[in-house]
Novice: 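The structure follows.
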Amino acid sequence: MVTNTRRRLNGWRTTVVSRLRGEGRDAGAGFVEYAGLMIIIAGIFTLIDSLGLDGLISGAILRAVTDVIGG
């Protein structure tokens with residue numbers, strides 16, 4: 001029984017290591033993460049536009065830049 005458990009544990013470890021470092025590692029995951037990030041950013045921009053916060057945000061940025069450059 002101990003040998004069978006060790007064999008299964010070694011098999012699991014080999015599988016995990018090969019998926020993390022091997023050729024078949026999460027191929028395509030970068031694209032999915034990038035697409036998810038783009039969807040989140042688009043949602044933020046839509047929310048800002050629909051709430052009418054764009055003028056408020058740009059005014060705050062302008063005041064902050066003016067304070068930094070001393071104008």
Side-chain angles (χ1 to χ4, degrees):
M1 182 161 152
V2 172
T3 305
N4 192 20
T5 304
R6 282 187 181 165
R7 189 176 319 137
R8 287 180 185 249
L9 185 61
N10 279 341
W12 176 81
R13 186 186 66 189
T14 303
T15 301
V16 169
V17 169
S18 70
R19 288 192 180 166
L20 289 174
R21 297 182 184 165
E23 301 241 352
R25 67 183 187 276
D26 297 328
F31 174 75
V32 172
E33 292 165 358
Y34 180 74
L37 187 61
M38 290 289 108
I39 290 170
I40 290 171
I41 291 171
I44 291 170
F45 278 114
T46 303
L47 182 67
I48 288 172
D49 188 46
S50 66
L51 292 176
L53 297 176
D54 48 345
L56 183 67
I57 292 172
S58 63
I61 292 172
L62 180 63
R63 284 190 299 277
V65 169
T66 304
D67 289 344
V68 169
I69 62 174

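What you see is a predicted model, and the numbers here were worked out from it, not measured in a lab. By convention here, the first residue in the shown sequence is residue 1. Computed from heavy atoms alone, side chains included, the values below leave out hydrogens, waters and symmetry copies.
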Novice: Hydrophobic clustering (ILVMFWY, side-chain heavy atoms < 4.5 Å, transitive) - are L56 and I48 grouped together?
Specialist: yes
Novice: Quick check on the hydrophobic clustering: are I41 and V32 connected, directly or via other members, by side-chain heavy-atom contacts under 4.5 Å?
Specialist: no
Novice: Checking side chain to side chain contact (heavy atoms under 4.5 Å, CB included) between L47 and each of I44, L51, D49, which is the one that passes?
Specialist: L51
Novice: For the residue pair T66 and L62, what are the closest heavy atoms and their distance?
Specialist: OG1-O, 2.7 Å
